[in-house]
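Both backbone and side-chain heavy atoms feed into the values below; hydrogens, waters and symmetry mates do not.
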Amino acid sequence: MSDKNTKPIAGIADDDIISEIRSLVHGTWTGTKPPRLTQTLKTLTAVVTAQTNAEAGTLSIPAKVIKSKGNAIGEAISIYQQASDSWKKGTLPTDVKGRRMVKTTEVARIRKELDKFERDLVNVRRRIVADWDEIHAASVAALGDNITDVDVPHNGKEFADQFTVGVSWSGAPVSIRKGTAFDGLTDEISNRIIAESEKGVIATVSKAHAEPLNKLDKLLGETLEAVGKGKRLHQSRFNKLAEAAAELDESNWFKFPEINAVISDLKELGGINRDALDKDDRKIAASGVKKIRKKAKTAAEQLAAIGI
C-alpha cells in the first residue's frame with residue numbers, strides 16, 4: 001500500500017475516465033416513510049432528568065408510537081430499507097443528500113428493481129389498512145399511561161400511503177458541453193472551460209469512491225468482533241465479505257489500484273470455509289481483517305482528501 005499522502009492514480013486511461021463521466025446521470029431518492037414512528041416522552045424525560053440531576057437537554061426517552069414487530073408495518077419498513085439500499089449499489093454519492101451519480105447502463109436495472117419493491121409495497125399497504133384497527137389498538141395499549149404524551153396516528157390509509165419508493169432522474173452532472181452557452185466564445189476559451197469542468201468532475205467522482213470504502217468499515221468491524229473474540233461464527237459472515245468485494249468492484253469506476261487491492265483481499269477472506277477453521281486459523285483470519293480494514297481506511301482517506 002502506498003503512503004497515506006500519496007496521490008491515488010486511476011487504473012484507466014484519461015480518455016476512458018472522460019467516457020465514464022459522460023455516461024453518468026443524477027438520481028435522487030424520492031421514497032418516503034411515515035415520520036416520527038418514534039417520539040420523545042417529554043413528561044417522563046423531564047421527570048428522569050430531575051431525578052438524576054442531569055443537565056437539561058441531555059436525556060431523551062423515546063417510545064414507539066406504532067407497533068411494527070411482526071405485522072405489515074414492519075414489512076413495509078423492511079421493503080423501504082431494502083429498496084433504499086438496492087438503488088445505491090453500483091452508484092456513487094454527490095454533495096447533495098439523497099442524490100447519487102449513476103451510470104446510464106444501470107438505470108434500467110434500478111428501475112426494474114424499484115418496480116418490484118413498489119409492487120410489494122402496494123400489497124403491504126393494503127394489509128396495513130386491513131389490519132389497522134388491531135395495530136392501532138395494540139399500539140395504544142403498549143404505550144400505557146404515556147399515551148397522553150405522544151401523537152399516535154389514527155388514519156390507517158393516510159399512514160400506509162406514506163410508504164413509497166422511487167428515484168427521480170436528471171441530466172448528466174458532468175462536464176460542460178459546447179452549445180448555445182458558448183456562443184460568442186472563441187474555441188480556445190470554450191475548450192479551456194470544458195477542460196476545467198472535466199477536471200473538476202473527475203476530482204469529484206474520484207473522491208466519491210471513498211464512500212464504499214467507508215461503508216465497508218462497519219462490516220469489517222463486525223467481522224473482526226465475530227472472528228477475533230471467539231463469538232459464534234457462521235459461514236454467512238464470510239459470504240458477506242465476498243458480496244462486499246463484488247459490490248466494491250462494481251463501484252470502482254476508475255479502477256483505482258488501492259481499491260482493487262482491498263477487493264482482492266476481501267475475496268480471499270470471503271472464500272474461507274467456516275467449518276475448516278480452527279483456533280489458529282481464526283487468529284490468522286482476524287489478522288487479515290485488521291489489515292484489510294487499515295488498507296481500506298487509508299485508501300478512503302486518500303481519495304476523500306485528494307481525488308486525482
With no hydrogens and no angle check, is any side-chain donor or acceptor of Ser68 less than 3.5 Å from a backbone partner on Ile73? no
Indicate yes or no for a side-chain donor-acceptor contact from Trp253 to the backbone of Thr91 under 3.5 Å, with no hydrogens or angles considered. no
For Phe254, does its backbone N or O pair with a side-chain atom of Glu20 as donor and acceptor, under 3.5 Å? no
Return a table of donor-acceptor pairs under 3.5 angstrom between the side chains of residues 109-119 and protein atoms on other chains or two or more places apart.
unit_1 : atom_1 : unit_2 : atom_2 : d
Arg109 : NE     : Glu106 : OE1    : 2.6
Arg109 : NH1    : Glu113 : OE1    : 3.1
Arg109 : NH1    : Glu113 : OE2    : 3.2
Arg109 : NH2    : Lys89  : O      : 3.1
Arg109 : NH2    : Glu106 : OE1    : 3.0
Arg111 : NE     : Asp115 : OD1    : 3.2
Arg111 : NH2    : Asp115 : OD1    : 3.1
Glu113 : OE1    : Ser86  : OG     : 2.4
Lys116 : NZ     : Asp120 : OD2    : 3.1
Glu118 : OE2    : Arg125 : NH2    : 3.0

How about Lys297: does its NZ atom have over 12 heavy atoms from other parts shown lying under 6.0 Å from it? no
Do Asn146 side-chain atoms and Leu143 backbone N/O form a donor-acceptor pair below 3.5 Å? yes
Using the rule that two of Ile, Leu, Val, Met, Phe, Trp, Tyr join whenever any of their side-chain heavy atoms come within less than 4.5 Å, decide whether Val129 and Tyr80 are in one cluster. no
Any chance you could measure Thr94, atom OG1, to Arg100, atom CZ, to the nearest 0.5 Å? 8.0 Å
Given 3.5 Å as the limit, does a donor-acceptor pair link the side chain of Asn252 with the main chain of Ile259, or not? no
Hey, is the main chain of Ile135 close enough, under 3.5 Å, to the side chain of Asp131 for a donor-acceptor pair? no
Value rounded to 0.5 Å, distance of CG in Leu220 from NZ in Lys294: 14.5 Å
Determine yes or no for a side-chain-to-main-chain donor-acceptor pair under 3.5 angstrom, with Thr40 supplying the side chain and Ser60 the backbone. no
Return yes if some donor-acceptor pair links the side-chain N/O of Thr45 with the main-chain N/O of Leu41 below 3.5 Å, else return no. yes
Look at atom NZ of Lys255 and say whether more than 12 heavy atoms of other residues, nucleotides or ligands are closer to it than 6.0 Å. yes
Would you say CD of Gln162 has more than 12 non-hydrogen atoms from neighbouring residues, nucleotides or ligands within 6.0 angstrom? yes
Can you tell me how far apart CG (Leu121) and CD (Gln82) are? Round to the nearest 0.5 Å. 10.0 Å
Would Ser23 and Thr104 count as a side-chain hydrogen bond (donor to acceptor under 3.5 Å, both in side chains) if you check the C-alpha gap in whole Å, the side-chain angles of each, and the deciding distance to 0.1 Å? CA-CA 6 Å; Ser23 71; Thr104 53; 4.9 Å; no
What do the steps show when you test Lys207 against Leu303 for side chain to side chain contact (heavy atoms under 4.5 Å, CB included), and what is the final call? CA-CA 5 Å; Lys207 293 175 183 180; Leu303 290 163; 5.7 Å; no
Main-chain N/O of Pro153 paired to His136 side chain as donor or acceptor, under 3.5 Å: yes
Taking all atoms of both residues into account, what is the closest heavy-atom pair of Thr223 and Arg237, and its distance? OG1-CD, 3.5 Å
Determine, using the 4.5 Å side-chain heavy-atom cutoff (strictly less than), whether Val150 and Val48 are members of one ILVMFWY cluster. yes
What's the shortest heavy-atom distance between Pro257 and Gly11, and which atoms? CD-N, 4.2 Å
What is the distance from atom CG of Leu44 to atom OG1 of Thr49, rounded to the nearest 0.5 Å? 9.0 Å
For Glu211 and Pro93, work out which heavy atoms get closest and say how close. OE1-CD, 3.5 Å
Using every non-hydrogen atom in the two residues, find where Asp161 and Lys157 come nearest and quote the distance to one decimal. OD2-NZ, 2.7 Å
Minimal heavy-atom distance between Gly156 and Ile128, with the atoms involved, is O-CG2, 4.3 Å
Can you see which heavy atom on Trp87 is nearest to which on Thr28, and at what distance? CH2-N, 4.2 Å
Taking only Lys NZ, Arg NE, NH1 and NH2, and the carboxylate oxygens of Asp or Glu, determine whether Arg127 and Glu75 approach each other closer than 4.0 Å. yes
Should we count CG of Asp85 as having more than 12 external heavy atoms under 6.0 Å? yes
Which atom pairs, donor and acceptor, lie under 3.5 Å between side-chain atoms of residues 261-270 and protein residues at least two apart or in another chain?
unit_1 : atom_1 : unit_2 : atom_2 : d
Asp265 : OD2    : Lys295 : NZ     : 2.7

